[in-house]
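Quick caveat, the model's predicted, so the values are computed rather than measured. All values below were derived from every heavy atom in this structure, side-chain atoms included, with hydrogens, water molecules and symmetry-related copies excluded. First the proteins, then the strands, lettered A, B, ... as listed; each starts at 1.
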2 protein chains.
Amino acid sequence: MYFCVNKYLMTRSEENYIKTIFHLGRKGTQEVATNAIAELMETKPSSVTDMIKRLSEKDLVNYKRYQGVSLTALGNKTALGIIRKHRLWEVFLVEKLDFSWDEVHEVAEQLEHIKSDKLIDSLDRLLAFPKFDPHGDPIPDKNGGFKERDRELLSEVAINTGGVCVGVKDSSATFLKFLDKNGIALGNQIKVMEIEEFDGSLNIEIDGRKMQISHVIASNLYIKAKDEI
Amino acid sequence: MYFCVNKYLMTRSEENYIKTIFHLGRKGTQEVATNAIAELMETKPSSVTDMIKRLSEKDLVNYKRYQGVSLTALGNKTALGIIRKHRLWEVFLVEKLDFSWDEVHEVAEQLEHIKSDKLIDSLDRLLAFPKFDPHGDPIPDKNGGFKERDRELLSEVAINTGGVCVGVKDSSATFLKFLDKNGIALGNQIKVMEIEEFDGSLNIEIDGRKMQISHVIASNLYIKAKDEI
DNA sequence: ACAAATTTTTAGATTTGCCTAAAATTTAAT
DNA sequence: ATTAAATTTTAGGCAAATCTAAAAATTTGT
Ligand SMILES: [Mn+2]
Ligand SMILES: [Mn+2]
Ligand SMILES: [Mn+2]
Ligand SMILES: [Mn+2]
């Protein structure tokens with residue numbers, strides 16, 4: 001089958017481009033700009049154009065000069081396969097090898113390119129088929145299906161409401177370490193008590209403990225909506 | 001330190017060459033022929049010469065035109081690091097992901113190039129610091145040290161002697177599957193009962209069960225010598 | 001609408017890793 | 001000791017993936 005042929009012939013670089021286009025294009029449906037890809041991948045726009053042409057040859061992306069790029073159905077499936085591997089490896093590193101959530105991404109960037117269906121399916125089983133990675137992001141199943149969890153940014157909820165912290169928007173090591181230092185983790189119960197007029201900072205109650213966080217922090221924390229508390 | 005700088009800048013291809021030179025040169029001490037490398041790596045001698053020059057620039061091998069190649073101390077340490085990773089991953093695949101011993105090599109060939117000290121040390125701990133891989137080959141420790149087990153080929157032992165099967169010389173999938181089919185595994189107690197004059201085939205007793213194996217088979221099975229039984 | 005700014009693509013070069021074909025060197029044979 | 005055979009290296013080329021600089025297309029601002 002075409003998908004299988006392609007899947008095992010892709011280079012690491014091609015896979016990274018496909019993944020980036022997926023992330024920038026909200027599941028690959030939207031058109032993505034050359035410059036946006038270049039910026040995120042820390043490469044030059046001319047390099048991106050080169051690669052886009054190659055990916056287009058392989059029917060992984062739709063491309064018309066100057067009109068941006070989007071994933072084909074094949075490209076989308078490929079992206080989901082890589083993301084599945086990335087997130088499963090992140091779970092493995094945290095659950096089995098005692099990595100902290102700010103250490104896993106770099107290694108997962110390497111591990112996501114290992115090619116073996118049996119490996120990834122066995123890993124999935126070893127981890128008891130996790131649905132979310134250490135940052136709260138959903139893990140696609142074998143067929144690329146996954147349910148985006150119903151969540152909203154803490155910065156968007158009304159006073160006196162809250163919910164369980166289920167994810168981070170920014171998953172950079174610096175932000176994650178900041179959260180660790182301040183005792184904020186996934187699973188914590190968070191309630192917004194007050195919002196400062198002046199700078200938008202929030203007084204919250206997190207697992208019973210009161211603290212103040214900036215608007216920037218709040219706009220990078222996802223909570224599972226649970227209406228009035 | 002020079003070693004560390006180098007270690008993380010090596011390409012996959014460079015690592016594969018270093019590993020091959022190690023295997024062909026008995027711990028890298030002996031000189032290895034260009035053609036031997038080319039044959040084992042299924043590449044052309046001219047490509048090998050190219051790469052040898054690059055490795056020589058990086059002080060990983062000693063090289064004089066037409067005189068063969070050998071590993072430097074740095075090259076040797078690098079090779080041991082890669083072999084450590086390869087064998088630890090093989091153990092992981094068998095112990096944690098229920099791979100059989102004939103399925104692990106191909107995937108380990110990919111996994112051995114993942115760069116993360118923390119990853120490999122954690123994996124070592126998860127597996128309880130194994131000393132041998134699924135094929136009975138020794139796993140170098142963090143510092144590259146490992147003890148070659150005292151063993152001999154089954155084809156070399158005298159009649160009425162034997163020992164525990166501790167390794168295979170040929171670890172190709174076909175040989176390993178053959179052993180599976182015939183119920184021969186590491187840990188089995190093997191005793192040589194009789195050797196046929198005609199074709200050198202052996203009548204053995206393996207864990208109490210009698211069977212006959214060809215000379216070729218016997219010359220690919222290692223047993224731990226335990227003298228007279 | 002048209003010039004200016006921005007984005008995107010092309011052209012040409014570089015590095016890695018591989019190839020084929022031909023030349024150089026070493027080894028083996030008579 | 002020559003010649004023949006095998007091994008190894010050089011020379012020249014190619015594809016992937018990147019870069020810089022310049023040209024082309026699109027978007028924006030007045
Ligand atoms: Mn990640
Ligand atoms: Mn993640
Ligand atoms: Mn192996
Ligand atoms: Mn092995």
Side-chain angles (χ1 to χ4, degrees), chain A residues 5-21 24-25 30-71 75 78-79 82 109-110 112-113 115, chain B residues 5-21 24-25 30-71 75 78-79 82 109-110 112-113 115:
Chain A
V5 170
N6 224 306
K7 189 175 172 189
Y8 282 93
L9 292 183
M10 286 187 70
T11 68
R12 173 162 314 220
S13 191
E14 285 171 337
E15 289 189 347
N16 283 332
Y17 274 94
I18 289 295
K19 200 179 43 153
T20 301
I21 294 167
L24 286 172
Q30 249 176 270
E31 310 269 280
V32 176
T34 304
N35 272 6
I37 299 170
E39 196 183 354
L40 198 60
M41 298 189 69
E42 293 180 302
T43 183
K44 302 293 167 183
S46 55
S47 306
V48 175
T49 302
D50 269 8
M51 179 58 87
I52 284 173
K53 285 180 189 163
R54 274 194 292 273
L55 295 175
S56 181
E57 284 297 308
K58 297 189 179 188
D59 267 313
L60 291 158
V61 301
N62 306 116
Y63 172 60
K64 260 179 280 176
R65 282 160 70 247
Y66 292 102
Q67 300 313 128
V69 69
S70 65
L71 294 180
T78 304
I82 301 163
E109 285 289 306
Q110 298 180 60
E112 72 188 2
H113 302 291
K115 271 132 187 128
Chain B
V5 169
N6 224 305
K7 190 176 173 188
Y8 282 95
L9 292 183
M10 285 187 71
T11 67
R12 172 162 314 220
S13 191
E14 286 171 337
E15 289 189 347
N16 283 332
Y17 273 94
I18 289 296
K19 201 179 44 152
T20 301
I21 295 167
L24 286 172
Q30 249 177 271
E31 311 269 281
V32 176
T34 304
N35 272 6
I37 299 170
E39 196 183 355
L40 199 60
M41 297 190 71
E42 294 180 302
T43 182
K44 302 295 167 182
S46 54
S47 306
V48 175
T49 303
D50 269 7
M51 179 58 88
I52 284 173
K53 284 180 188 165
R54 275 195 291 274
L55 296 175
S56 180
E57 284 296 308
K58 297 189 178 187
D59 267 314
L60 290 159
V61 301
N62 307 115
Y63 173 59
K64 261 179 282 177
R65 282 161 70 245
Y66 293 101
Q67 300 311 128
V69 68
S70 65
L71 294 181
T78 305
I82 301 163
E109 284 290 307
Q110 298 180 60
E112 72 188 2
H113 301 290
K115 271 130 186 129

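- Between B:T11 and the phosphate of C:dG17, there is a side-chain N or O to OP1/OP2 separation shorter than 4.0 Å.
- For C:dG17, one of the phosphate oxygens OP1 or OP2 lies less than 4.0 angstrom from a side-chain nitrogen or oxygen of B:R54.
- Contact annotation: side chain of A:S46 to base of D:dT20, donor-acceptor pair present below 3.5 Å.
- Salt-bridge annotation for A:E109 and A:K19: present, with a side-chain N of the basic residue lying under 4.0 Å from a carboxylate O of the acidic one.
- Atoms CG (B:L55) and C1' (C:dG17) sit 12 Å apart, rounded to a whole Å.
- Positionally, the nearest nucleotide of DNA chain D for B:V32 lies more toward the 5' end than for the other of A:Y66 and B:V32.
- Under 4.0 angstrom from either OP1 or OP2 of C:dT26 there lies no side-chain N or O belonging to B:R65.
- In this structure, B:S13 does not reach the C:dT16 phosphate: none of its side-chain N or O atoms is under 4.0 Å from OP1 or OP2.
- Across all strands shown, B:T49 has heavy atoms under 4.0 Å from base atoms, whether or not it also approaches the sugar-phosphate.
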Going through the distances and angles, do B:R12 and B:E15 end up as a side chain to side chain contact (heavy atoms under 4.5 Å, CB included)?
CA-CA 5 Å; B:R12 172 162 314 220; B:E15 289 189 347; 5.6 Å; no
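- Remark: P of C:dT16 and CD1 of B:I52 are 17 Å apart, rounded to the nearest angstrom.
- No donor-acceptor pair closer than 3.5 Å links the side chain of B:S56 to the backbone N or O of B:I52.
- Taking the side chain of B:T34 as heavy atoms from C-beta on, and the options C:dT7, D:dA17, D:dT9, the nearest nucleotide is D:dT9.
- Look at NZ on A:K58: it is 10 Å from C1' on D:dA16, rounded to the nearest Å.
- In this model, the phosphate group of C:dC18 is not approached by any side-chain N or O of B:S47 to a distance below 4.0 Å at OP1 or OP2.
- When rounded to the nearest whole Å, the span between CG of B:D50 and C1' of C:dC19 equals 10 Å.
- A distance-only check finds no donor-acceptor pair linking the side chain of A:K115 to the backbone of B:Q110 [under 3.5 Å].
- For the pair A:M10 CE and D:dA16 C1', the interatomic distance rounds to 14 Å; values are reported in whole Å.
- One finds no side-chain N or O of B:Y17 lying less than 4.0 angstrom from the OP1 or OP2 phosphate oxygen of C:dT16.
- The CE atom of B:M51 sits 16 Å away from the P atom of C:dT15 (whole-angstrom rounding).
- Rounded to an integer number of Å, the gap from A:E42 CD to D:dT18 P is 12 Å.
- To the nearest 0.5 Å, atoms NZ (A:K44) and CG (A:N35) are separated by 10.5 Å.
- Remark: A:N35 is in phosphate contact with C:dT8, judged by side-chain N or O atoms under 4.0 Å from OP1 or OP2.
- Straight-line distance from the CD1 atom of B:I37 to the C1' atom of D:dT9: 14 Å, rounded to whole Å.
- Nearest-nucleotide positions on DNA chain D for B:K64 and A:K44 put B:K64 closer to the 5' end.
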